[in-house]
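Take a look at the structure below.
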Amino acid sequence: MLTLLIALPILGAIAIGLFPAKPTSNRFRQLALATAIAVFLWTVLLTTQFDLNQVGLQFEQSLSWIPSLGLSYRLGLDGISLPLVLLNGLLSAIAIYSTSRSITRPRLYYALVLLLMAGVYGAFLAQDLLLFFLFYEIELIPLYLLIAIWGGKRRGYAATKFLIYTALSGILILAAFLGLVWLGGSSSFAYQPFAGNHLPLTTQLVLLGALLVGFGIKIPVVPFHTWLPDAHVEASTPISVLLAGVLLKLGTYGLLRFGYGLFPEAWHYVAPALASWAVVSVLYGALSAIAQTDMKKMVAYSSIAHMGYILLAVAAATPISLLAAVFQMIAHGLISALLFLLVGIIYRKAGTRDLSVLTGLLNPERGLPVIGSLMVLGVMASAGIPGMAGFIAEFLVFRGSFTEFPVQTLLSMVGTGLTAVYFLLLINRAFFGRLSDVVVNLPPVQWDDRIPAIVLAVFIVILGLLPSPLVDLTENQTTALTRSPSTFSVSALSPDPPGTVGP
C-alpha cells in the first residue's frame, strides 16, 4: 500500500513525459493534478485504516534490495509520519493547482513536481537509514531545477546556494549513518528504533553532532539559514508553498526520528544547548522579519522563527513537547503555505511585494478584500491567536518544554510577541490606509484562484477548534518514543529475513 504513494507520482511523471500533446498544452497540468489528488486520496484512505491504538509501524513493507550493502527496501507508517504524509499530499495538490496555466515548459515542470512529491513521500516512509538518505537526496534534484528554471531574476544564485547547503546537509547525515552502523559492527542499515547507547559517549556525541548540523541546515536554524530567504524570494509561489510547507519538515522530522531516536543518551547532554539554539533561531528569525519590507522575505524569516519552536520542543523531549513538535510541523505547514499563496496572488495582481509601496489592499471596492481577509486570518494563526492551529501548536510547545527548559521557553515566548509585531506591520502597511496608485486598478482575483487559500484556511481553523484528531493520531507514538529508545540495543540492527513483510 505504501509503495503506491511513491510509485503513483513517478508513474504520473513518466506519463507526462510520454503524453502526446503540444509543448504548451494544459493537459500536462490536468494529468499532474489528477495524479496528485489520487495520491492524496490514497493517504486519506490509509488514515481511515490506521489503528490509533497501535503503537509502532503499520502497513509495513520489507524487501531485501542490495544485501551486500546491507540496504533493504523498508517502508512503514506511524503516528509521527502519517500527518506529514497527509500534509505532503495536500500541499502537492494545492501547489499544482496554483501553478499558472501559462507556465513555460509545462511538461518538465509538472513532471519535476511529481518527482519531488515522490521523493518526500519516500523520505517520510523509509525505515532503512540508507533508503531515507537516498530519498532525502533525490528530492534535491527536482527542487533545484524548479528554482533554477522557473525562479526569479537571481534564480541561478539561489538554486546553487540551496544545492550547496543541502548537499552538505546530506553528506553529514550519511556520515552519521555510516558511522553508527560501522562502529556498531552491523551489516544492516535497517531502522528499528535502536539506540547507539552501546557506543562510547564521545562517539555518540560526534555522530549526533553530524546529524544536528545536517538536519539543522535543512530546518534551517541560525546560522545555517542563509539559503532559505534567497530560495523563497526567487522560487515561484507553488514551489515556495512546497518548500516552506513540506520540505523544511524533513529537517525537523529527521531530527526527531534519527537524532533523538538513535542517540537518546547523547541527546540528554546536548539538549540544553539545543534549546538555547532554538531560542536564538526564534528571536533572530523574528527580528529579521521585522526588518523586511519584502512581504515574501518577511514570511520566509518568520518560518525560521517558527521552526525554532519545533527545535525547542524536540530538545525538551517530553511526551507533550514531542506531540507539540509534530503539531507545530503540521500547523506551520498549513499556515506558511497559506501566507506564501496569498503573497503570490498579491504580487501577481499588484506587481510588487514592497510594503513601502502597497497600501489599502483591504479596500472593499478596488482592493483585494477577500485576499486581505484571508491574510489577516493567516497572520492571526501564525501569531498564535486562539481558535487557530498556530495557537494549539505553540501552547503545546511551551507547555511541554517549560518543565525541562523554563528559561529558554520563556525567552521563546518573546518570539510570539515579535511575531505579532511584524505581521501587524505587514497588515497595517499593505492592507489598511488609502489606496496607492499601484493598487487603484488591480484586476479582480477569480474564485478558482482563491480556492487553495480557502482550503488551507479551513484546515487551519478546524485544527484550531478541533485539534483532537491530530492529537489522537500522534500522541501514542510520541509518548512511546520518549520511553522506548533506551530499551533498544544495537542488536536490533539485525535484519529480518529477506522478503518478509512486517515485524
Side-chain angles (χ1 to χ4, degrees), residues 1-16 29-50 57-59 61 75-99 109-126 132 135-136 138-139 142-143 146 237-250 252-253 326-327 329-338 340-341 389 451-460 462-463 469-470 473-474:
M1 297 178 73
L2 298 183
T3 298
L4 278 179
L5 293 178
I6 303 170
L8 282 178
I10 294 175
L11 292 175
I14 294 173
I16 288 174
R29 178 178 181 274
Q30 295 170 355
L31 188 53
L33 185 59
T35 304
I37 291 175
V39 177
F40 174 61
L41 293 177
W42 187 248
T43 64
V44 173
L45 179 63
L46 287 174
T47 305
T48 61
Q49 299 181 5
F50 189 81
L57 298 174
Q58 299 184 35
F59 313 115
Q61 293 179 296
L75 303 179
L77 204 56
D78 63 11
I80 295 174
S81 52
L82 180 54
L84 294 166
V85 165
L86 283 166
L87 182 69
N88 185 37
L90 175 66
L91 294 188
S92 295
I94 284 179
I96 292 171
Y97 182 89
S98 304
T99 299
Y109 175 87
Y110 290 114
L112 289 173
V113 172
L114 290 179
L115 290 176
L116 180 64
M117 183 184 192
V120 174
Y121 270 134
F124 285 140
L125 297 174
F132 170 84
F135 282 118
Y136 185 86
I138 285 173
E139 54 87 16
L143 185 59
L146 287 166
T237 296
I239 304 310
S240 283
V241 167
L242 291 175
L243 179 58
V246 179
L247 294 168
L248 300 187
K249 308 306 178 295
L250 286 174
T252 48
Y253 171 79
V326 178
F327 206 108
M329 289 186 218
I330 303 303
H332 178 262
L334 295 172
I335 295 169
S336 61
L338 173 63
F340 278 115
L341 269 181
I451 287 175
I454 292 173
V455 170
L456 290 171
V458 168
F459 276 111
I460 289 169
I462 288 176
L463 272 183
L470 178 54
L473 201 63
T474 304

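Counting begins at 1 with the first residue of the sequence.
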Exercise. To the nearest 0.5 Å, how far apart are CD1 in Ile16 and CG in Leu115?
Worked result: 9.0 Å

Exercise. With Met329, which of Val246, Leu334, Leu84, Leu87 fulfils side chain to side chain contact (heavy atoms under 4.5 Å, CB included)?
Worked result: Leu84

Exercise. Taking the side chain as C-beta and beyond, is there a heavy-atom pair between Glu139 and Leu250 under 4.5 Å?
Worked result: yes

Seminar exercise, completed: Closest non-hydrogen contact found for Gly333 with Leu91 is O-CD1, 3.8 Å

Seminar exercise, completed: Distance col, row Leu77:CG vs Met1:CE, nearest 0.5 angstrom, shows 10.0 Å

Exercise. Within the distance-only criterion (no hydrogens, no angle test), does the side chain of Thr474 pair as donor or acceptor with the backbone N or O of Gly79 below 3.5 angstrom?
Worked result: yes

For this session: Give the minimum heavy-atom separation between Leu242 and Ala95, together with the two atoms involved.
Result: CG-CB, 3.8 Å

For this session: First locate atom CZ of Phe40, then atom CE of Met117, and finally report the distance between them rounded to the nearest 0.5 Å.
Result: 9.5 Å

Exercise. Does anything in residues 75-85 pair up under side chain to side chain donor-acceptor pair (under 3.5 Å), and if so which pairs, sequence neighbours excluded?
Worked result: Asp78-Ser81, Asp78-Arg257

For this session: Would you please name every residue forming a side chain to side chain contact (heavy atoms under 4.5 Å, CB included) with Tyr97, sequence neighbours left out?
Result: Arg29, Leu33, Asp448, Ile451, Pro452

For this session: Mind checking ring-ring contact (aromatic ring centres under 6.0 Å, His included) for Phe340 and listing every partner two or more places apart, or none if nothing turns up?
Result: His232

Problem set entry | Contacts of Thr237 that satisfy side-chain hydrogen bond (donor to acceptor under 3.5 Å, both in side chains) - sequence neighbours left out | none

For this session: To the nearest 0.5 angstrom, please state how far the CG atom of Leu248 sits from the CG atom of Leu243.
Result: 5.0 Å

Problem set entry | OG1 on Thr47 to CG on Leu86, rounded to 0.5 Å | 3.5 Å

Exercise. Between Val39 and Tyr121, is a side chain to side chain contact (heavy atoms under 4.5 Å, CB included) present by the stated rule, with each step listed?
Worked result: CA-CA 10 Å; Val39 177; Tyr121 270 134; 3.4 Å; yes

Problem set entry | Atom pair OG/CG of Ser92 and Leu114 - distance to nearest 0.5 Å | 8.0 Å

Problem set entry | Partners passing side-chain hydrogen bond (donor to acceptor under 3.5 Å, both in side chains) against Ser336 (at least two apart in sequence or in another chain) | none

Exercise. Under 3.5 Å, is there a donor-acceptor pair between the side chain of Lys249 and the main chain of Ile330?
Worked result: no

Seminar exercise, completed: Between Pro83 and Val326 the two heavy atoms that sit nearest each other are CG-CG1, 4.3 Å

Please tabulate, for side-chain N and O atoms in residues 2-15, each donor-acceptor pair with protein atoms closer than 3.5 Å (sequence neighbours left out).
{"from": "Thr3", "atom 1": "OG1", "to": "Gln61", "atom 2": "OE1", "distance (Å)": "2.8"}
{"from": "Thr3", "atom 1": "OG1", "to": "Tyr73", "atom 2": "OH", "distance (Å)": "2.9"}

Problem set entry | Greater than 12 external heavy atoms within 6.0 Å of Phe459's CZ | no

For this session: Go through the steps for Leu116 and Leu247 under the test side chain to side chain contact (heavy atoms under 4.5 Å, CB included), then give the verdict.
Result: CA-CA 9 Å; Leu116 180 64; Leu247 294 168; 4.0 Å; yes

Problem set entry | Minimum-distance pair of heavy atoms, taken over all atoms of Leu341 and Ser98 | CD2-OG, 3.4 Å

Problem set entry | pair Phe59-Leu82: side-chain heavy atoms closer than 4.5 Å | no

For this session: Applying ring-ring contact (aromatic ring centres under 6.0 Å, His included), name anything that partners Tyr110, two or more places apart in sequence or on another chain.
Result: none

For this session: From the options Tyr253, Tyr136, Phe132, Phe135, select the one residue that forms a ring pair (Phe, Tyr, Trp, His ring centres under 6.0 Å) with Phe124.
Result: Tyr253

